[in-house]
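Shown next, in structure tokens, is the structure this report addresses.
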Amino acid sequence: MEDILTISSCCRGIEFSVPKSFDWRTHVLPNLNEDRFLQMLRVTKMQFQTIVEFVRNDSGFKSSLFRPQMSVEQQAVIVLFRLGSSGEAAAIRKIATLFGVGDGGTIGSITDRVFSAILRKLSQLIYWPNAAERKKLALETIHELPYCIGYIDGSEIKLARTPQLDHEFEDLTVIVMLNEPYGILLTMWLLFQKKQLQPLCLISPEQFHQEVV
């Protein structure tokens, strides 16, 4: 009988428990200087507060009696840290240990909640400029990319061989760059008076080694 009680007490107890601490997110992170705070969350302290206030009243953050939530600040911290991390630093268990939360579905739920709150207010952040605004933006960028009203950052894709420009990239605007390995830098821009995104493909002419796409 004693053996049964021992096994039963360990099923969801000490054997499976993970030590947790809120000290880093509660006492260390808020007291970092601006540079270190920016390094951790990829936003300044002022920008962080702006994000928190922007989503604070979203319905997704309403706690219930049976499903209490962490504060909006704490949830935003976890999501921003996760977005600003890569490789091993972005591992769920590492983030969970650092912030003292569960490493099951907790971080995924927090991420979904913050993203959903932002997406519900997306129209307040991203909108199509009117005619006067488009004309002003086009004039301001005339010496960069003529008649563009905005730019969106892209991604670099490394290639394993020389691309055949006439066949493989016929739907893209292609610019050949010199003195670089083969690769594609995908960038998007908005053309003045055209409500659509145009793809720009930058290709460099020296082959990447040990890289395959």
Rounded to the nearest 0.5 Å, what's the gap from CG on Leu38 to CD on Gln47? Could you check?
-> 7.5 Å
Working for salt bridge (Lys or Arg N to Asp or Glu O under 4.0 Å), residues Lys136 and Glu133 = CA-CA 5 Å; Lys136 180 176 181 293; Glu133 291 172 328; over 6 Å; no
Do Val79 and Leu122 share a hydrophobic cluster, counting only Ile, Leu, Val, Met, Phe, Trp and Tyr and linking them when any side-chain heavy atoms are less than 4.5 Å apart?
-> yes
Identify whether Leu80 and Leu119 are in the same connected component of the hydrophobic contact network (ILVMFWY, side-chain heavy atoms under 4.5 Å).
-> yes
Do Val114 and Val55 have side-chain heavy atoms sitting under 4.5 Å apart?
-> no
Non-hydrogen side-chain atoms of Phe61 and Gln69 separated by less than 4.5 Å = yes
Co-membership, hydrophobic cluster, residues Leu137 and Ile126, 4.5 Å side-chain = no
Heavy-atom distance under 4.5 Å between the side chains of Thr44 and Phe37, does that happen here?
-> no
Report yes if some heavy atom in the side chain of Ile110 is under 4.5 Å from a heavy atom in the side chain of Met70; otherwise report no.
-> yes
Is any side-chain heavy atom of Val43 less than 4.5 Å from a side-chain heavy atom of Ile51?
-> yes
Any side-chain heavy atom of Arg25 within less than 4.5 Å of one from Glu73?
-> no
Can you find a pair of side-chain heavy atoms, one from Leu29 and one from Leu41, that are under 4.5 Å apart?
-> yes
Centroid-centroid distance, Phe22 to Phe99, less than 6.0 Å = no
Between Leu125 and Ile118, is any pair of side-chain heavy atoms under 4.5 Å apart?
-> yes
